[in-house]
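Okay, structure first, notes after.
Every number for a ligand or one of its atoms is a count from 1 in the order of the listing.
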Amino acid sequence: MSTSIFLRSLKACPECDSLAVFCCSSLDAVSKYSVLCHDCGFEGEEARSTQAAIDLWNHPKAHTPIKRYKDY
Ligand SMILES: [Zn+2]
């Protein structure tokens, strides 16, 4: 039984470019996981699993709404 979390695939912090990033979990009723930068405190998006949190850290969702207008 091991709860160790290996973070081999984490990218550097997008805010300060530090590699001192780690995955932490909250102990609420529903477990949530997020990646946190140890240097600047930047926190990635919360996810339901460690792997999902890492994915969100490495590939943050871009908030770029796509609007299309027809040309007449
Ligand atoms: Zn940072």
Do you know the tightest heavy-atom contact between [X] and [Y]?
X   : Y   : result
T50 : C23 : CG2-SG, 3.7 Å
V21 : K11 : CG2-O, 3.7 Å
G44 : S34 : O-CB, 3.9 Å

Discussion item. Tell me if the aromatic rings of W57 and F42 count as close, with their centers under 6.0 Å from one another.
Written reply: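 Centroid separation for W57 and F42: below 6.0 Å.
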Worksheet item: side chain to side chain contact (heavy atoms under 4.5 Å, CB included) between V30 and R48: does it pass, once the steps are laid out?
Response: CA-CA 8 Å; V30 178; R48 295 292 300 276; 3.7 Å; yes
Worksheet item: Protein N/O/S atoms under 2.8 Å of the Zn ion (ligand 1)?
Response: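 Counting only protein N, O or S atoms under 2.8 Å from the Zn ion (ligand 1), the list reads C13 SG, C16 SG, C37 SG, C40 SG.
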Practice prompt. Give every residue pair that meets the salt bridge (Lys or Arg N to Asp or Glu O under 4.0 Å) criterion with at least one member in residues 29-41, sequence neighbours excluded.
Written response: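 Pairs touching residues 29-41 that pass the test: K32-E46.
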